[in-house]
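Proteins get letters first, then strands, A, B, ... in listed order; numbering begins at 1 in each. Given the structure is predicted, the values throughout are model-derived calculations rather than measurements.
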Amino acid sequence: MISIEAELRRRCALAIGKAFGAEHAPSAVVKAGDPKFGDYQCNSAMALARALGQPPRTVAARIIEHLNLDSLCEPPTITGPGFINFKLHVVFIGQRLEAIASQSASLARAGVPPASHRQTVVVDYAGPNIAKEMHVGHLRSCVIGDAISRILEFQTHAVIRQNHVGDFGTQFGMLIRYAQEVQLQTGAFPPIEDLDTYYRQAAQRDREDAQFALEARHAVVALQAGEPQAVALWRNIHHESRRHAEQIFQLLGVKLTPQDERGESFYAPRLPGIVLQIAEALAVGGDGSDTALGGADTPSRLKELAVSPPDDRAEAAGALASPQALDRLTDAQLPPVIHKPLTCISDGAMCLFLPGYVDKDKQPLPLIIQKADGAYLYATTDLAALYFRIVEDKLTPNDQKPLNENWHADRVIYTTDSRQAQHFAMVFDAACAMRWHVHPQTGQRVDLVHASFGSILGADGKPFKTRSGESVKLRALLAEAMDRAAAVVAEKNPSLSADKQRQIATAVGIGAVKYADLKQDRTGDYEFVWERILSFDGNTGPYLQYAYTRICSIFRKAGDVENSQARLELVESAELNLARHLLKFPDAVEIAARDLKPHYICTYLYELCGLFSAFYENCPVLKAANPATVKSRLILCRVTQAVLKVGLNELLGIPVLEEM
RNA sequence: GCGCUCGUAGCUCAAUUGGAUAGAGCGUCGGACUACGAAUCCGAAGGUUGCAGGUUCGACUCCUGCCGGGCGCACCA
């Protein structure tokens, strides 16, 4: 069964097709703007009126003539300029809810249907830098990326989470060199309790000591060449960092595991092949075919760099190009305006020029895929990752963490902050230029999405920092959330055991922080204010968790009164309003998945709790007049509980509690 | 300078992407506990959606131009 909104849209499209021809078929069905207009409305008549040269209300009437609604709705009405209003039939509502409540399996899905077209979706999020402690800057990526993953996963898409860690940059030379130094002096590897301190000390040595800095550069080379001692130290740092990140993920309830981690170091061996591939395919003056220009200046240094380090894995990564192709890559041939993607060497760096990008001086802006010194950049790694996720065959021994099947992603989603918008636009354009955005099996266009988000600001509207201007550590932020929640629990519910209180404080504190982040449209900035986040009033995590505990409390008191064969009687307006809204949960999930915006689910759940409160105030459940009403109302409680659990817990990754 | 983005009630945010009378919470004011959890609920006041044009049956939403904030613009990620 698909969502009701989708079902009505389908039926309206069918009716429009029958009435006016299939070319007019797409139908605009949305939730009604106002309850007095029913549950849903079709807005297609007004749009069609012009094209058909008929009055919109006439068009609406003809749509209705061809509309088959079965017993879904009451007879539709035409209002205003030509809106078609649908009001769900009470009998239909009752049957649907009874069906959902009747089995634990259907309750577990809360009415949400599986996706009609199952896709393989890669979601790239979190991506912390190794050797630095995670800070608030990572919060949104973790929370939003995980929610998006959970939502798509719940729709039964095959979601592949990817943690693209920064673990192979130049900073590692510094860190390795510093680790060597400390080890030599103390005879023991320093415990990395505070990664930031460690990093800062290394950076300070790097700044102050030219000899140290030089050796740090050499350490990078040693690391990339696989020198055992450098690699061992790198592994050590890596291990410590991962341990730290794991703790954060676990505390946050983010479902990333070590198996999901493929960072810069993973892609490093593939980069030479990627650069070669792009350089040849898009060589300036060439058309990608084998027509090397004779006599052009040979950028021999780059040719050397592009094929080093000598690693046969580059070939496996798809290095189709021959080094000879690089012979024609001189910037002398670069046109002043870029009309098609071109690669060439500019100032010694391997550049990919894409149409539509210019710098401050209106000069073509390149996507640099290899620096003049031969090093690769994050654009290179991102392109390698895209190739890996979409094109590459995974059943090769090259993947250190092989899956059982090929990925060939249908969709790749990046959850990073909006400042990287241009970077991803360029990377996506580059992938398109290489035709890597075409699914190797289906030939369909792969959806490349930057699900960007804004910044977290302090109460003053400026970037969220500590008083001394440092970035707030994520661990400290979450600890404060739990402390604040613990204080409230101790005050409100002192009778609970200390252990129980701690458990509740964790769920409430972490949940509040996550919910505050998810409830707002991710594209905007938001202000982080403890009082607002941890409030029990309004659209907050604690408020929703509280609503859930009230329902649980009813069931604790109900004992075995519940009867799965009970019938739903919808009499009171509070009952009807709640019932109607419960059936719209699949619609909320669908639009949240469509736009990759978890806040649609938050808004839906908040409205649900408001309607449940009205029901709770006006319709006694356990003290209802007769047993049949008690059972009927317990069905509403049961489905509300299920929707809250699925929405909060499974889709948003926020814990629910039996009591608090 | 170019590009992206945002501007909605005193404050923090919504508005299913062009739909009907722009909705919530906080704060303010006024109410409801002998009550399935008052960590809650109900009511009131609060708006020329930054400004000015345009597009059309219909605009917070789209197009143009201003004003104001944020961010980005060649070898960091």
Side-chain angles (χ1 to χ4, degrees), chain A residues 5 28 30-34 36-37 41 43 46-47 49-50 55-56 79-83 127 129 166 169-171 264 346-351 356-363 365-373 375 377-379 381 416-423 425 452 454-455 457 459 461 463 488-489 491-493 519-521 523-527 529 531-532 535-540 542-543 545-547 549-558 587-588 590-592 594-595 597 599-600 602-604 606-607 610 613-614 616-618 620-624 633 637 659-660:
Chain A
E5 186 175 313
V30 294
K31 200 168 78 180
D34 190 312
K36 78 179 177 194
F37 295 127
Q41 61 187 51
N43 301 329
M46 284 86 73
R50 170 168 287 262
T79 56
F83 296 104
N129 259 335
T170 47
Q171 77 271 28
E264 290 167 346
S346 179
D347 293 343
M350 173 65 87
C351 298
Y357 299 95
V358 291
D359 66 13
K360 310 178 217 228
D361 306 316
K362 297 198 172 182
Q363 296 302 301
L365 178 71
L367 184 67
I368 298 178
I369 55 177
Q370 189 170 22
K371 287 163 59 172
D373 66 2
L377 301 97
Y378 76 139
T381 311
T416 69
D417 77 83
S418 52
R419 285 176 300 203
Q420 297 185 47
Q422 182 172 265
H423 164 72
S452 66
S455 311
L457 310 174
V488 179
V489 175
E491 180 203 330
K492 302 283 187 187
N493 219 340
K519 76 165 197 185
Q520 268 160 297
D521 189 324
T523 55
D525 299 344
Y526 77 93
E527 288 187 7
V529 181
E531 290 69 30
R532 287 205 283 264
S535 168
F536 290 87
D537 295 303
N539 193 359
T540 69
Y543 173 78
Q545 285 172 323
Y546 175 65
T549 62
R550 287 213 293 194
I551 300 174
C552 292
S553 178
I554 291 174
F555 281 110
R556 274 197 302 273
K557 292 210 161 70
D587 303 336
E590 194 161 284
I591 60 169
R594 180 195 65 197
D595 295 348
K597 289 189 171 181
H599 83 278
Y600 287 134
C602 297
T603 304
Y604 170 88
Y606 177 57
E607 286 168 354
S613 286
Y616 187 86
E617 295 286 326
N618 296 301
V621 178
L622 301 176
K623 294 174 185 169
R633 288 179 178 170
C637 290
E659 54 184 339
M660 61 191 279

Completion exercise
In B/S/- notation (B base, S sugar-phosphate only, - none; protein heavy atoms under 4.0 Å), nucleotides 19-31 of chain B written 5' to 3' is BBB--SSS-----
Handout entry: By salt bridge (Lys or Arg N to Asp or Glu O under 4.0 Å) - contacts of A/R532 (at least two apart)
Key = A/E527
Handout entry: 5'-to-3' dot-bracket of RNA chain B (Watson-Crick, G-U; under 3.5 angstrom; crossing pairs as [ ]; | other strand)
Key = (((((.(..((((.....[...)))).(((((.......))))).....(((((..]....)))))).)))))....
Problem - A/D525 (side chain) donor-acceptor with A/G454 (main chain) under 3.5 angstrom - result: no
With the criterion being N/O to N/O and under 3.5 Å, what pairs connect the protein with nucleotides 72-74 of chain B, and how long is each?
unit_1 : atom_1 : unit_2 : atom_2 : d
B/A74  : N1     : A/S346 : OG     : 3.0

Exercise for the section: Specify the separation, in whole Å, of atom CG of A/D595 and atom P of B/U61. Expected result: 19 Å
Exercise for the section: Would you mind classifying the nucleic acid contact of A/K557 as base, sugar-phosphate or nothing, using non-hydrogen atoms under 4.0 angstrom? Expected result: sugar-phosphate
Problem - Side-chain donor/acceptor of A/Y378 to base of B/A77, under 3.5 Å - result: yes
Completion exercise
Between A/T603 and A/V621, the residue closer to the 5' end of RNA chain B by nearest nucleotide is A/T603
Handout entry: Separation of the P atoms in B/G68 and B/C13, to the nearest angstrom
Key = 22 Å
Exercise for the section: Consider the side chain of A/D521, meaning its heavy atoms from C-beta on, and name the nucleotide among B/A15, B/G37, B/U16 that approaches it most closely. Expected result: B/A15
Practice task
Taking atom C1' in both B/A59 and B/A20, compute the distance separating them and give it to the nearest angstrom.
Solution key: 13 Å
Practice task
Taking side-chain contact (heavy atoms from CB on, under 4.5 Å) as the test, write out the residues that go with A/E531, two or more places apart.
Solution key: A/R484, A/V529
Problem - Distance, P atom - from B/A22 to B/G69, rounded to whole angstrom - result: 31 Å
Handout entry: Exam field: side chain A/D361 to backbone A/Q363, donor-acceptor pair closer than 3.5 Å
Key = no
Practice task
Would you please name every residue forming a side-chain hydrogen bond (donor to acceptor under 3.5 Å, both in side chains) with A/S613, sequence neighbours left out?
Solution key: A/R550
Problem - Main-chain N/O of A/S535 paired with A/T540 side-chain donor or acceptor, under 3.5 Å - result: yes
Fill in the blank from the handout: Residue set satisfying ring-ring contact (aromatic ring centres under 6.0 Å, His included) with A/Y378, at least two apart, ordered chain then number -> A/H423
Problem - Sequence-distant partners of A/E617, side-chain contact (heavy atoms from CB on, under 4.5 Å), two or more places apart - result: none
Handout entry: Residues that A/D587 engages under side-chain hydrogen bond (donor to acceptor under 3.5 Å, both in side chains), provided they are two or more places apart
Key = A/S3, A/Y40
Problem - A/N493 (side chain) donor-acceptor with A/V489 (main chain) under 3.5 angstrom - result: no
Problem - Under the side-chain contact (heavy atoms from CB on, under 4.5 Å) test, residues paired with A/Y526 that sit two or more places apart - result: A/L139, A/R140, A/I456, A/D517, A/Q520, A/F528
Practice task
For A/Y543, check ring-ring contact (aromatic ring centres under 6.0 Å, His included) against everything at least two apart and list the hits.
Solution key: A/Y606
Filtered N/O pairs between nucleotides 42-48 of chain B and protein, under 3.5 Å:
none

